[in-house]
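The structure appears right after this line, and notes come after that.
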Amino acid sequence: MNYAADVSVCLDRILESTDLSGLTKKDATLFTQRLEAHFPSLFEKYTYVYGHQYDCYYHLQKLVETLRDGVKKRKPALKKLDENRLKSPLWYRDEKQVGLACYVDLMGPTLNDLHNRIPYYKALGITYLHLMPLYDAPAGDSDGGYAVSDYRKVNPTLGTTADLEKLADALLKEGINLVLDFVFNHTSDEHRWAKAALEGKKQYQNYYYVYDDRTIPDQYETTLREIFPQVRRGSFTFNEQMQKWVWTTFNSFQWDLNYSNPEVFNAITSEMLFLANIGSAALRLDALAFIWKEMGTNCENQDKAHVLIQAFNCCLEIAAPAVVFKSEAIVHPDEVNKYIGEDECKLSYNPLLMALLWNSLATRKTRLLTRSMQKSFAISDNCTWVNYVRCHDDIGWTFDDDVAQELGINGNDHRFFLNQFFTGRFEGSFANGVPFAENPSNGDCRVCGSLASLCGLESALQNNDAKGIEEAVNRMLLLYGITFSIGGIPLLYSSDEIAKLNDYSYRDDVTKQHDDRWVNRIAVTPEDTALAMEKVQRTLSPQEDASLKVFKGLQHMLAIRKTHAVFGKARTYILEASNHHCFAFLRENENGEKLLVISNFSEHVQQVDGEILRTLNGTSCKDLLSDSTFKGDETVVTLRPFQQLWITQ
């Protein structure tokens with residue numbers, strides 16, 4: 001029997017034994033059609049991973065039943081969204097898409113309070129709201145919510161699952177896409193599966209990697225890297241209750257799920273569809289690089305990790321086709337791009353762009369940024385980058401050492417410099433960052449800090465330095481201006497839009513003081529939003545004035561972005577700017593519309609050869625940001641310190 005016949009026979013048998021009577025006639029027809037369209041791919045992925053197991057086809061049958069149940073529980077409004085997104089599958093490449101990521105408690109502080117923030121989101125231009133982990137999690141340290149105890153229960157301090165559904169409905173009506181985290185590499189040790197494992201139930205111990213002694217863990221450890229060496233050493237934790245070793249890549253209370261067990265895949269698919277049916281437009285795949293373990297490797301970015309994600313994607317195509325995956329892979333640039341594809345993650349964070357924007361601020365040079373983007377920025381036209389400047393996490397310098405070496409840059413030495421610069425240890429640095437995860441063995445670290453503090457606002461305010469404040473504001477607008485224009489969904493991190501400074505209060509909280517990432521997890525208060533919405537009727541402090549300038553500057557750029565199609569579905573060409581202090585690229589869409597962006601990363605006036613204007617065919621053109629015009633035949637283009645130009649014909 002050939003492969004196609006085998007798939008067809010398998011599906012026929014599964015459908016014969018699958019009860020669809022609980023679905024409406026329309027839903028049963030749609031479910032069957034989507035299953036027939038996507039089952040061959042799902043079958044291929046599933047049997048590739050689990051086909052050697054005697055009960056593979058039993059679990060495949062159960063998976064189809066899980067998908068059926070997901071369709072049954074999907075609300076009419078979301079089914080309508082499925083239809084619309086299938087008609088406009090590239091919605092995420094639209095120029096109107098702009099994201100914001102936030103913790104509920106730092107902007108709410110509850111889910112119900114976020115209803116009142118919708119006018120604020122709309123004033124800024126937000127169409128995509130990523131709510132950071134809001135699930136039930138252990139009290140105290142829960143890795144910022146990434147240790148999930150129950151995917152179907154909201155953390156009680158934030159509200160209820162009903163509150164989340166109500167908010168999702170309100171956002172949908174306002175044209176704002178809800179994005180949630182899909183924390184699928186691990187659960188907390190308080191999850192019901194983990195509790196059952198602790199009680200000695202073998203079925204649930206098989207949901208995790210559990211070992212009687214150190215024999216196998218020691219074999220794995222020879223090739224694993226330590227993720228949080230400042231917290232603990234190694235990737236396994238001894239559990240006193242079970243008297244066994246548990247695989248815990250990140251923290252001792254986060255147990256890695258065992259995806260070599262098909263029952264785990266099916267169980268997590270059920271949780272995924274629950275999140276989809278709450279009203280998610282996208283799910284961020286947390287720690288996706290770690291989901292498959294292979295002896296003798298570093299257990300990151302393994303081939304079967306990709307196969308599993310593709311299988312999960314097939315499940316969405318069948319049960320909730322409006323939902324897309326967003327990749328979060330803070331790894332080597334070549335590995336990041338492997339997760340991006342129509343059959344895997346249609347959206348992906350762009351950690352390389354983020355890291356090299358900061359690099360260019362520190363060095364005032366753009367060679368590494370330009371060369372790296374020329375190599376790695378282009379992806380499938382059916383996918384898009386999510387471009388960000390800051391996030392809830394640290395900054396890791398994940399540039400390609402081979403590219404750096406071509407430019408005469410030693411990767412390790414340069415990372416040391418960047419860490420020194422952004423933690424304020426380098427003479428002349430404007431930044432007030434905090435080192436994170438310093439490795440006691442080699443002194444390596446990553447960097448934490450808010451946008452404003454890393455761009456020099458904190459230091460300038462402390463020194464009452466008016467010029468320094470102006471430069472800090474311009475640095476912030478420069479970084480975000482590039483993410484708004486280079487191609488993809490720009491993602492603001494909550495508190496960046498109003499230039500909040502580092503929050504050092506975490507050092508007084510015993511549940512947070514060991515984790516310096518809390519320095520850039522900053523509350524946005526009603527007073528902050530009132531300031532941004534210009535409802536404050538008094539003389540502003542220098543810090544408030546800077547905050548308002550940043551907000552208004554971002555608002556201005558986003559308004560321009562949303563009214564020009566070339567910021568949406570268009571190709572990006574990274575250019576040589578003829579001046580290593582400047583970064584340049586060209587956007588061009590199918591209608592022939594062009595946008596030339598030139599940015600100055602220096603605090604000094606810079607000039608670029610006027611030949612760059614010939615990319616706009618040498619015709620008269622204007623800068624959308626300032627309304628200044630060019631004849632198109634200038635010999636040089638002059639940029640003020642930290643200025644950016646958005647030039648169109």
Side-chain angles (χ1 to χ4, degrees), residues 77-78 81-82 84-85 89-94 96-108 111 114-115 117-118 120-122 124-135 144-146 148 151 154-155 158 161 163-184 271-288 309 312-313 316 320-329 339-340 344-351 383-393 483 488-494 496-497 521:
L78 296 179
L81 185 63
D82 289 335
N84 292 338
R85 291 283 159 85
L90 297 181
W91 62 269
Y92 43 79
R93 292 198 64 199
D94 192 274
K96 292 181 173 60
Q97 290 299 322
V98 178
L100 177 76
C102 70
Y103 278 103
V104 174
D105 59 325
L106 296 179
M107 185 168 253
L111 287 164
L114 291 186
H115 289 267
R117 298 300 182 99
I118 292 177
Y120 174 70
Y121 300 146
K122 296 191 75 173
L124 187 55
I126 301 305
T127 61
Y128 158 129
L129 183 64
H130 179 179
L131 299 181
M132 308 294 280
L134 41 69
Y135 315 114
Y146 286 97
V148 177
Y151 296 93
V154 167
N155 188 317
L158 306 177
T161 303
D163 293 336
L164 178 57
E165 290 192 69
K166 181 181 175 184
L167 177 63
D169 292 342
L171 292 172
L172 183 62
K173 289 176 183 176
E174 294 291 344
I176 299 176
N177 294 293
L178 175 64
V179 180
L180 295 175
D181 284 279
F182 183 31
V183 186
F184 73 134
E271 305 305 306
M272 176 183 74
L273 294 181
F274 179 84
L275 300 179
N277 286 343
I278 282 175
S280 303
L283 293 172
R284 168 189 172 273
L285 300 186
D286 179 64
L288 77 174
I309 295 166
F312 281 124
N313 190 64
L316 284 180
V323 184
V324 296
F325 283 145
K326 178 170 66 170
S327 165
E328 185 254 6
Y339 291 97
I340 304 168
E344 201 161 339
C345 296
K346 296 183 177 74
L347 313 182
S348 175
Y349 282 115
N350 195 341
C383 303
T384 198
W385 290 112
V386 176
N387 296 313
Y388 66 109
V389 176
R390 285 301 293 118
C391 68
H392 71 289
D393 226 330
T483 68
I489 301 174
L491 180 65
L492 292 141
Y493 176 60
S494 176
D496 282 1
E497 79 279 12
R521 297 170 181 175

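All values below come from the heavy atoms of this structure, side chains included, with hydrogens, waters and symmetry mates left out.
- Residues Leu124 and Leu492 form a side-chain contact, since some pair of their non-hydrogen atoms from C-beta on lies under 4.5 Å apart.
- Looking at Asp94, its side chain does come within 3.5 Å of a backbone N or O of Lys96 through a donor-acceptor pair.
- Using a 4.5 Å heavy-atom threshold, the side chains of Leu285 and Cys345 count as touching.
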Open item on the list: Does Leu288 form a side-chain contact (heavy atoms from CB on, under 4.5 Å) with Phe184? I'd like the steps, not just the answer.
Closed with: CA-CA 8 Å; Leu288 77 174; Phe184 73 134; 3.8 Å; yes
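- One distance of note links CG of Leu172 with CG of Leu167; it measures 11.0 Å at 0.5 Å rounding.
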Task: Pair Leu114-Tyr121, side-chain contact (heavy atoms from CB on, under 4.5 Å): steps then yes or no - done: CA-CA 10 Å; Leu114 291 186; Tyr121 300 146; 3.6 Å; yes
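- For the atom pair Lys346 NZ and Ser327 OG, the distance stands at 13.0 Å (nearest 0.5 Å).
- Separation of atoms CD1 (Ile489) and CH2 (Trp385) is listed at 13.0 Å; rounding is to 0.5 Å.
- Between Leu178 and Gly279, the shortest heavy-atom distance links the atoms CB-O, 3.8 Å.
- Under a 3.5 Å cut-off, the side chain of Tyr128 and the backbone N or O of Pro490 do not form any donor-acceptor pair.
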Task: Full working for side chain to side chain donor-acceptor pair (under 3.5 Å) between Glu497 and Tyr120 - done: CA-CA 11 Å; Glu497 79 279 12; Tyr120 174 70; 2.6 Å; yes
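- For Asp496, the side chain to side chain donor-acceptor pair (under 3.5 Å) partners at least two apart in sequence or on another chain are Tyr480.
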Open item on the list: Evaluate Cys102 against Leu131 for side-chain contact (heavy atoms from CB on, under 4.5 Å), listing each step before the verdict.
Closed with: CA-CA 5 Å; Cys102 70; Leu131 299 181; 3.8 Å; yes
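- Counting all heavy atoms, side chain and backbone alike, Ala101 lies closest to Met132 at CB-SD, 4.2 Å.
- The closest donor-acceptor contact from the side chain of Thr483 to the backbone of Tyr388 lies at 3.5 Å or more, if one exists at all.
- Across Gly488 and Asn387, no two heavy atoms sit closer than the pair CA-ND2, 3.9 Å.
- Atom OH of residue Tyr151 and atom CG of residue Leu273 lie 13.5 Å apart, to the nearest 0.5 angstrom.
- Residues passing the side chain to side chain contact (heavy atoms under 4.5 Å, CB included) test with Lys122, sequence neighbours excluded: Ile118, Glu174, Ile176.
- For the ring pair (Phe, Tyr, Trp, His ring centres under 6.0 Å) criterion with His392, the lone passing option out of Tyr146, Tyr349, Tyr493 is Tyr146.
- Nearest heavy atom pair, residue Asn277 against residue Leu78, reads O-CD1, 3.3 Å.
- No side-chain heavy atom of Val183 sits less than 4.5 Å from a side-chain heavy atom of Arg284.
- In this structure, CG on Leu275 lies 6.0 Å from CG on Leu180, to the nearest 0.5 angstrom.
- When Val179, Leu283, Thr384, Asp286 are each tested for a side-chain contact (heavy atoms from CB on, under 4.5 Å) with Lys326, only one passes: Val179.
- The CG atom of Leu111 lies 10.0 Å from the CG atom of Asp105; values are rounded to the nearest 0.5 Å.
- Ile309 and Glu344 get closest at one heavy-atom pair: CG2-CG, 3.4 Å.
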TODO: Show your working on side-chain contact (heavy atoms from CB on, under 4.5 Å) between Asn177 and Tyr92 and close with a plain yes or no.
DONE: CA-CA 10 Å; Asn177 294 293; Tyr92 43 79; over 6 Å; no
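- The side chain to side chain contact (heavy atoms under 4.5 Å, CB included) search around Thr161 returns Val154, Glu165, Phe274, Ile278, not counting sequence neighbours.
- The nearest pair of heavy atoms linking Arg93 to Cys383 is CD-O, 3.7 Å.
- The shortest distance between side-chain heavy atoms of Val386 and His130 does not fall below 4.5 Å.
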